[in-house]
2 protein chains.
Amino acid sequence: MARHREFEPTEVIDKSIDVFLSKGYEGAAIRDLIKVTNVKSGSLYNSFGSKKQMFKNALERFVEVSQFNITLADAETAPPRETIEKLFFDLIEVTDKRGAVGKCLISRATMEVGGVDKEITAWLQEVFEKSERLLCRLIERGQAAGEISSFRSPKELAQFLAITVQGMQVMARFERDNKKFRAIAETALAALDYEK
Amino acid sequence: MARHREFEPTEVIDKSIDVFLSKGYEGAAIRDLIKVTNVKSGSLYNSFGSKKQMFKNALERFVEVSQFNITLADAETAPPRETIEKLFFDLIEVTDKRGAVGKCLISRATMEVGGVDKEITAWLQEVFEKSERLLCRLIERGQAAGEISSFRSPKELAQFLAITVQGMQVMARFERDNKKFRAIAETALAALDYEK
DNA sequence: ATAATTCTTGAATCAATGTTCAAATATTGT
DNA sequence: ACAATATTTGAACATTGATTCAAGAATTAT
C-alpha cells in the first residue's frame, strides 16, 4: 500500500562501482552518482542512507561479481593448476569483466581507505584473507596432484601470487600492454614449478 | 631588501608527504597541511601556488629521497645481485626510511590520479619507466656476471620485480607482518635463479 | 474515492573546501 | 629614518561537498 521504487538498487550500485573505480571514494561526488544512475539525491539517501554506505555496497557487490572471486569460489573442486592459470588469464585478457586488471575496486579502496577507515579496512582485510585461503587451497590440491611443486608451502605461494595480482592492478592504471602482463604472469606462475 | 621566508620549503614538502601518504591527494585538506607544517595558507600559496603544485613537489621530493630510488641510482656500478636483494630488504626492514613498504607515495598517487590527471599520470609513468630501466640494467649486469639466471630477459625480470614491489605496497596498507613479506620477497627473488 | 503509506524530487542547508587579499611585519639599501 | 620590497597572517570569499526535508506523486487496501 505504497509507492514503489522506480529503480533497481543493484543496478544503481553497479553503475556506482564504475564511478568509484575511476574517481575513488573521496573523488566521487554524489552528483556524479546522480548523473550516472539518474536517481536523485533524495532517493539515493532514502535507499542507501549515505555515500559511505553506497561505497560499502559497491565493495560488497564487487566481490560478488568479479571474475577473480567467482573463479576462486570453487577452489575445492576445480582443476587446480588450470584454475590458477585461468585467474591470471581472465585478469589480463577479459577486460570487459569486472575486476579486470586495472579495474579492481578492492585494490583502489585498499590504497585509499586502508588504515584510515577502520571498518572498511577490516572488511577489506577479510576479503584478502578469504582470497588467499582459497588460493592456498587450490595450491594444496595442485601439489597433491603433482601439478605444482611442493618446494614452497601453499601459503607462501598463495601470498606471493596474491601480491603479484595486486601489483598488476597498480601498474595497469596506466599500462594497457597485455603482452607485458602476460610475461609477468608467466614469470609469477613459474614459481609454481620451482624445485629449488 | 625584503622580508625573508620563515620556513624551509623542503621541510614543508617533507611534512606534506606524510599527509598525502595517509590521506591521499583529495583527502588532504589545505588545513591539514597548515596544521602539520605550521605555515599559514597565504604563505603556502605564496610559495607553492596551489595544492596540486604542493602535491607535485611532494611526488618529486619523494623520488629524490626514497631509499628504493637512491639504491637504484647507481645501477651502473653497484654489485647487481646484492643490490637487488638490498632493495627488497630495505623495503621490508627499514620502515623508518622513505618509501618503506606501505608508505610509497608513488603507488598511492598511481592508484588515485592514475588515468585521471593527465600530467601527473605521464610523470608517474616516467618514474616507473626509469625504475624499471635501472632495475633492468642491474639484472643485465647480474646475468653477465653469472649471478642471475639468463633464462628470462632482463626486461621481463625487471617488470616482474617491479610489479612485486607494487603489490607489496598495496598489501602493506594493512599488513605489517614482516615475516610474510620476507617470504614473498624470497619467492619473487627466486625468479632470478630459475633455469627453466 | 479516500486514507494510508512509501517513494521521488530538487531546492535548501550547512559544513568544508581551495584560494585570495588587505593589512601588518620584517628585511635591506640608501 | 625612510623607501622599497617581500613575507606572514587569518579573516573573507566563492564554490562545492554531503545531506535533509517539505511538497508532490504513485501505489494499495478499504
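Numbered from 1 within each chain, the chains take letters A, B, ... in sequence-line order. Predicted, not measured: the structure shown is a model, and the values here were computed from it.
Per the geometry, CZ belonging to B:F55 stands 17 Å off P belonging to C:dT17, to the nearest Å. Atom CG in B:L33 sits about 15 Å away from atom C1' in C:dA16, given to the nearest Å. Counting to the nearest Å, the C1' atom of C:dT19 and the CG atom of B:D32 are 16 Å from each other. In this structure, CG of B:N38 is placed 12 Å from C1' of D:dT8, rounded to the nearest angstrom. Atom-to-atom, NE2 of B:H4 to C1' of C:dT28 comes out at 7 Å; the value is rounded to the nearest Å. Atom CG in B:L44 sits about 11 Å away from atom P in C:dG18, given to the nearest Å. B:K35 has its NZ atom 17 Å from the P atom of D:dT9, to the nearest Å. Rounded to whole Å, the distance from CZ on B:F7 to C1' on D:dA6 is 12 Å.
Residues B:I148 and B:D193 are not in side-chain contact: their nearest non-hydrogen atoms beyond the backbone lie 4.5 Å or more apart.
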For A:Q125 and A:T121, run side chain to side chain donor-acceptor pair (under 3.5 Å): C-alpha distance rounded to whole Å, both residues' side-chain angles, the deciding distance at 0.1 Å, then the answer. CA-CA 6 Å; A:Q125 196 153 3; A:T121 303; over 6 Å; no
Go through the steps to decide whether B:K103 and B:D18 satisfy the test salt bridge (charged side-chain N to carboxylate O under 4.0 Å, His left out), and finish with yes or no. CA-CA 9 Å; B:K103 291 177 178 175; B:D18 294 325; over 6 Å; no
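Residue B:F48 is classed as having no contact, given no heavy-atom separation below 4.0 Å to the nucleic acid.
When the nearest nucleotides of DNA chain D are assigned to A:A2 and B:E6 by heavy-atom distance, the more 5′-ward of the two goes with B:E6.
Test A:L138, A:L157, A:L192 against A:Q143 for side-chain contact (heavy atoms from CB on, under 4.5 Å) and you get one pass: A:L157.
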Reading nucleotides 18-24 of chain D from 5' to 3' and marking B where a protein heavy atom lies under 4.0 Å of the base, S where only the sugar-phosphate is that close, and - otherwise, the string is BBBB--B
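Taking the six-membered ring where tryptophan is involved, the planes of A:F20 and A:F55 are perpendicular, since the angle between them exceeds 60° and thus also 30°.
Checked against the 6.0 Å centroid criterion, the rings of B:F181 and B:F88 do not qualify as a close aromatic pair.
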